[in-house]
Amino acid sequence: KDQEAVWNTLLELYLTLSGVGEAGSSETKKEGQGKDFMKAKAMRLLQDDKIPYDPTHALILCSTRKFTPGLVLLWERLGMYEDVLRFWISKDQDPTTATEASGEVMRCLEKYGPKNRYLYPLVLRYLTSSAEVMGRHREDLGVVLDVIERERIMQPLAVVQVLSRNGVT
């Protein structure tokens, strides 16, 4: 437990020194590099399987400090795949991150969907949520529908209800 507390404190220190979650400041190039270095140290700590930090404590730290890379890594490690998908789906609302977010949604589905079939209906609702999203994912919709049908993840009527809930499809 003592070792865990030390690593938790070190993670908190890295995130504090990285300036993650702080309001925008006019920093110099040197300060920015130092902050990036601290973010990288925080990620290395989180990625190391041998370091005995408390994942719940780390989740709280990453969440309160708005350290997205750490948060996503921890969700994936803890098997919280729906949270990862919902995070990327929410990022799609921001025009500056929409394209990246769309790609991440599909990457996560490819990675975690085969063992977590409950993710397919969530992604189906996302793909058909707006004309913009649909425009980026025409081929992906066919792939998702094929898996849903082949694996019998949803009843056909439920698929039709999702597809007809708005004027997108």
Side-chain angles (χ1 to χ4, degrees), residues 1-127 129-130 132-137 139-140 143-144 147:
K1 278 291 188 194
D2 290 338
Q3 257 191 347
E4 191 176 276
V6 169
W7 288 108
N8 292 342
T9 303
L10 186 59
L11 176 61
E12 187 169 0
L13 181 63
Y14 288 158
L15 293 177
T16 301
L17 293 175
S18 73
V20 175
E22 291 178 1
S25 64
S26 57
E27 62 187 42
T28 66
K29 186 176 181 181
K30 188 175 181 179
E31 286 172 336
Q33 289 172 341
K35 290 180 178 192
D36 289 344
F37 181 69
M38 287 297 150
K39 289 176 193 174
K41 287 179 85 73
M43 278 305 288
R44 280 195 302 276
L45 187 152
L46 292 171
Q47 290 168 333
D48 193 332
D49 293 331
K50 296 176 183 102
I51 294 177
Y53 63 85
D54 176 18
T56 304
H57 185 79
L59 261 176
I60 292 167
L61 284 174
C62 290
S63 179
T64 56
R65 297 305 254 152
K66 296 177 178 52
F67 186 52
T68 303
L71 199 54
V72 171
L73 173 76
L74 289 165
W75 282 335
E76 287 178 338
R77 282 234 173 119
L78 294 170
M80 300 168 68
Y81 308 121
E82 187 173 340
D83 291 301
V84 174
L85 274 174
R86 288 189 187 281
F87 169 78
W88 288 114
I89 288 170
S90 72
K91 283 290 196 184
D92 187 59
Q93 305 302 315
D94 180 356
T96 61
T97 58
T99 303
E100 175 194 0
S102 286
E104 286 297 320
V105 168
M106 297 314 299
R107 183 192 67 77
C108 290
L109 185 65
E110 288 172 19
K111 189 173 181 180
Y112 303 116
K115 291 186 179 178
N116 301 282
R117 296 171 15 153
Y118 64 91
L119 298 174
Y120 284 92
L122 175 65
V123 172
L124 179 62
R125 284 190 295 281
Y126 161 70
L127 294 177
S129 63
S130 73
E132 293 79 24
V133 174
M134 188 71 247
R136 289 191 299 265
H137 294 283
E139 288 115 32
D140 294 330
V143 171
V144 169
V147 172

Discussion item. Under the criterion side-chain contact (heavy atoms from CB on, under 4.5 Å), I'd like the reasoning laid out for V105 against D92: C-alpha separation, chi angles, the key distance, then a yes or no.
Written reply: CA-CA 9 Å; V105 168; D92 187 59; over 6 Å; no
Discussion item. Working to the nearest 0.5 angstrom, can you tell me the gap between C108 SG and N116 CG?
Written reply: 11.0 Å
Worksheet, complete the sentence: Closest heavy-atom pair, S102 versus Y126, reported as atoms and distance to 0.1 Å, is OG-OH, 2.9 Å
Item to complete: Might you point out which heavy atoms bring L109 and L119 nearest each other, and give the distance in Å?
Response: CD1-CB, 3.9 Å
Item to complete: State, without any angle test, whether H137 and D140 hold a side-chain donor-acceptor pair at a distance under 3.5 Å.
Response: yes
Worksheet, complete the sentence: Here the gap from Y53 atom OH to L61 atom CG, rounded to the nearest 0.5 Å, amounts to 11.5 Å
Discussion item. Taking the side chain as everything from C-beta on, heavy atoms only, tell me whether T16 gets closer than 4.5 Å to R65.
Written reply: yes
Worksheet item: OH of Y14 to CZ of R44: how many Å apart, nearest 0.5 Å?
Response: 7.5 Å
Discussion item. Once rounded to the nearest 0.5 Å, what's the spacing between atom CG of L59 and atom OG1 of T64?
Written reply: 10.5 Å
Worksheet item: Under a 4.5 Å cut-off applied to non-hydrogen side-chain atoms, are L122 and R86 in contact?
Response: yes
Fill in: Nearest heavy atoms of S18 and L15, plus distance in Å
OG-O, 2.8 Å
Fill in: Test log, rule side-chain contact (heavy atoms from CB on, under 4.5 Å), inputs C62 and L46
CA-CA 10 Å; C62 290; L46 292 171; 3.9 Å; yes
Discussion item. Rounded at 0.5 Å granularity, tell me how far CG in L73 sits from CE in M43.
Written reply: 4.5 Å
Worksheet item: Under 4.5 Å between any side-chain heavy atoms of E76 and Y112, yes or no?
Response: yes
Item to complete: Could you pull out the closest heavy-atom pair between F67 and K39, with the gap in Å?
Response: CZ-O, 3.7 Å
Worksheet entry | T9 OG1 to E4 CD distance, which is reported to the nearest 0.5 Å | 10.5 Å
Worksheet item: Taking the side chain from N8 and the backbone from D54, do they hold a donor-acceptor pair closer than 3.5 Å?
Response: yes
Discussion item. Donor-acceptor check, side chain of R77 to backbone of P55, threshold 3.5 angstrom: yes or no?
Written reply: no
Discussion item. Any carboxylate oxygen within less than 4.0 angstrom of a Lys/Arg side-chain nitrogen, looking at R107 and E110?
Written reply: no
Practice prompt. Please assess K111 against Y81 for the test side-chain contact (heavy atoms from CB on, under 4.5 Å), listing each intermediate value before the final yes or no.
Written response: CA-CA 10 Å; K111 189 173 181 180; Y81 308 121; over 6 Å; no
Worksheet item: Do the side chains of L71 and W75 get nearer than 4.5 Å, heavy atoms only?
Response: yes
Fill in: 4.5 Å side-chain heavy-atom contact, V123 and M106
yes
Practice prompt. Determine the minimum heavy-atom distance between L17 and K35, stating which atoms define it.
Written response: O-CG, 3.8 Å
Worksheet item: Do side-chain atoms of T97 reach the backbone of E100 as a donor and acceptor pair under 3.5 angstrom?
Response: no
